[in-house]
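Whatever order the structure lists ligands and atoms in, that order sets their numbers, starting from 1. What you are looking at is a predicted structure, and each value in this text was computed from that prediction instead of being measured.
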Amino acid sequence: MKRTIKDLVNLKGKVVLLRVDFNVPIDKSGRILDSTRIVEALPTIRYLIEHEAKVVVMSHLGRPNGYEINKSLWQISLFLMSKLKCKTYFVNDCVGEEVKERIRTMENGNVLLLENLRFNEGETTCDMNFAKKIASLGDIFVMDAFGVAHRKHASTYGVARILPNAIGFLVEKEAQVLDQVLTNPKRPFVAILGGAKVEGKIKAIETLVEKCDTLLIGGAMAYTFLVASGIAVGHSMLESDAVVIAERILKEAANKGKKIVLPIDHIAYREGDKKQRLIKTDRLIEDMVGCDIGPKTIALFEKEISKAGEILWNGPLGMYEEKKFQKGTTQIAKTVALSPAYSVVGGGDSVNAVNKSGFANKIDYLSTGGGATLKYIESGSLPCLDVIQEKLI
Ligand code: ADP
Ligand code: 3PG
Ligand code: MG
């Protein structure tokens, strides 16, 4: 059992470096479209405030290439401020003298949010010199960024290896729920996969095939699988390097008697069509770009969902950010929500899409992890949780 923040004593005056995942969907002007990941981190932040720690909150946002103003955490700090009663500061850096000075002068029980960690390239390469610089800011490290706990980055894996540490309430809750999902799931266990981060998620599908009975694949993920089954996908988003893995997964599933259901029709447009007229099509040929699953696919997926005992869903089934490509995701969200099966939906975009559909309150569990949830299911743990100290018994 991992040490949790409840096991930390004498927090008063201690500088606690709290890693959260505030990688929330935002629009072009930086407006937060879904605050679930921030709201879910609040119990840990409030606990540390109540115990009079100096709370230094750190996160990434998106995948910036150096500094990008629209990926600054400044907007997020304004939202955080509105949710907390204490003073909440922001600095536009995540290491260095200015940050140290701000921490030195802040009072116990107050919060400081650092700038996007990924503006520094040492973050994603897990540069231990960068990790040391972060660690030098504080006394204790608390890992509550479940959504990014599958990534060995400087502020997650690196800092945990340097400072005394513990997990926060969110990570504790996520791990407990996922352990339950994996132990004796009610059958048929139906997994729904979509989204765009194919490369990072496809390996987890190999394990999912073992654990679940039926796999419904939509979103950009589907095109890699369609190509692996010899079906044309036009100019849809494709992860060419992952086609071999998809082929292997399809073969293994067939050998094990597991069902993989791929889209049989699509909502698409033709590349170069300035008006982007929508096409409802069974075949994606030439310059067609598939952006959502079509009505026949929705019906096919619904048939499988209606039989499910348990459902796990990650990844929107279309480019749900645009209204015209929302139907597949929204309709499936409704079907999953109204099904009597135990349902878990995970991922920043997936949770946003389900919230948008208006059926989120009927989903049994909304997880903040997308790739992390799949990785947890694949290996029963996550690299950044493995490095957290065990509870002293
Ligand atoms: P999550 O955040 O839930 O883990 P991902 O980040 O993997 O999900 O994927 C979300 C993204 O997938 C969205 O931005 C959505 O537009 C994109 N997407 C879904 N379907 C398609 C598609 N057919 N083509 C391109 N992108 C897609
Ligand atoms: C996510 O949104 O899945 C997490 O914040 C991790 O983001 P990443 O895939 O860019 O590492
Ligand atoms: Mg996402």
Side-chain angles (χ1 to χ4, degrees), residues 19-27 33-34 36-38 40-41 58-65 71 76 116-118 123-126 144-153 155-157 174 192-202 204-205 217-226 233-239 262-263 266-269 271 284 288-294 297 312-329 332-333 344-356 366-376 382-384:
R19 179 58 158 104
V20 295
D21 183 354
F22 283 175
N23 185 25
V24 291
I26 49 170
D27 69 11
L33 301 173
D34 188 283
T36 306
R37 282 180 163 176
I38 306 173
E40 288 292 323
M58 338 183 259
S59 179
H60 70 287
L61 177 62
R63 294 175 173 178
N65 204 350
K71 299 211 172 76
I76 310 258
N116 192 344
L117 294 152
R118 289 190 186 172
E123 168 63 358
T124 52
T125 56
C126 198
D144 214 19
F146 184 76
V148 73
H150 57 315
R151 307 255 185 244
K152 283 186 178 179
H153 290 172
S155 69
T156 57
Y157 190 79
E174 296 271 15
I192 310 169
L193 291 166
K197 292 180 180 172
V198 179
E199 188 264 333
K201 292 177 181 176
I202 198 159
I205 301 183
I217 306 180
M221 178 74 82
Y223 306 124
T224 303
F225 279 85
L226 285 170
V233 298
H235 284 192
S236 308
M237 189 190 267
L238 175 69
E239 193 78 36
L262 300 177
H266 315 261
I267 305 298
Y269 67 89
E271 222 169 37
L284 289 166
M288 287 182 187
V289 182
C291 298
D292 195 5
I293 52 172
T297 307
L312 175 74
W313 180 7
N314 168 253
L317 302 174
M319 295 163 65
Y320 77 100
E321 295 93 337
E322 289 185 60
K323 206 164 179 189
K324 53 190 185 223
F325 304 127
Q326 258 169 29
K327 181 102 191 276
T329 306
I332 294 301
V344 176
V345 177
D349 288 288
S350 305
V351 168
N352 180 24
V354 168
N355 279 334
K356 267 178 147 179
L366 294 174
S367 168
T368 56
T373 297
L374 294 180
K375 185 80 195 165
Y376 192 90
L382 294 171
C384 301

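Partners of D349 under the salt bridge (charged side-chain N to carboxylate O under 4.0 Å, His left out) rule, at least two apart in sequence or in another chain, do not exist in this structure. In this structure, the salt bridge (charged side-chain N to carboxylate O under 4.0 Å, His left out) partners of K324, at least two apart in sequence or on a different chain, are E322.
Of all the atoms in ligand 1, the ones that sit under 4.0 Å from a non-hydrogen atom of P316 are 3 (O), 8 (O), 9 (O), 10 (C), 19 (C). Taking every heavy atom of G219 and a limit of under 4.0 angstrom, the matching atoms of ligand 1 come to 20 (N), 23 (N). Each of the atoms 4 (O) of ligand 1 lies under 4.0 Å from some heavy atom of G370.
Note: no N/O pair closer than 3.5 Å links H150 and ligand 2 by distance alone. Remark: ligand 2 and H153 share no N or O pair separated by less than 3.5 Å (distance only, no angle test). The N/O atoms of G290, backbone and side chain alike, include one that comes under 3.5 Å of an N/O atom in ligand 1.
Side-chain contact between F22 and M58 is absent, with no heavy-atom pair separated by less than 4.5 Å. A heavy-atom distance below 4.5 Å is not found between the side chains of N116 and S59. Side-chain contact between M288 and H235: absent, with no pair of heavy atoms (C-beta onward) separated by less than 4.5 Å.
Distance check: N352 CG to I26 CD1 gives 12.0 Å after rounding to the nearest 0.5 Å.
With a heavy-atom cut-off of 4.0 Å, Y223 touches ligand 1 through its side chain alone. Of all the heavy atoms of S236, none lies under 4.0 Å from any atom of ligand 1, so neither backbone nor side chain is involved. Looking at R37 against ligand 2, only its side chain comes within 4.0 Å, counting heavy atoms. Residue R118 touches ligand 2 through its side chain alone, judged by heavy-atom distances below 4.0 Å. With a heavy-atom cut-off of 4.0 Å, N314 touches ligand 1 through its side chain alone.
For atom 3 (O) of ligand 2, the closest non-hydrogen atom on the protein side is K197 NZ, 3.4 Å. Protein heavy atom at the shortest distance from atom 26 (N) of ligand 1 is M319 CG, 3.5 Å. Taking atom 21 (C) of ligand 1 as the reference point, the nearest protein heavy-atom neighbour is A220 N, 3.5 Å. The protein heavy-atom contact nearest to atom 3 (O) of ligand 1 is S350 OG, 2.5 Å. The shortest contact between atom 7 (O) of ligand 1 and any protein heavy atom is with K201 NZ, 2.8 Å. In this structure, atom 9 (O) of ligand 1 lies nearest to the protein heavy atom A196 N, 3.0 Å. Of the protein's non-hydrogen atoms, E321 OE2, 3.2 Å is the one closest to atom 13 (C) of ligand 1. In this structure, atom 18 (N) of ligand 1 lies nearest to the protein heavy atom G318 O, 3.9 Å. Regarding atom 11 (O) of ligand 2, its nearest protein heavy-atom neighbour is R151 NE, 2.5 Å.
Ligand 2 lies nowhere less than 4.0 angstrom from a heavy atom belonging to G348.
No more than 12 heavy atoms of other residues, nucleotides or ligands sit less than 6.0 Å from atom NZ of K375. More than 12 heavy atoms of other shown residues, nucleotides or ligands fall within 6.0 angstrom of atom CD in E271. Within a 6.0 Å radius of CG in N65, no more than 12 heavy atoms belonging to other residues, nucleotides or ligands are found.
Restricting D349 to its N, O or S atoms, the one at the least distance from the Mg ion (ligand 3) is OD2.
With atom 2 (O) of ligand 1 as the reference point, the heavy atom nearest to it among V351, D349, L238, L374 is part of D349.
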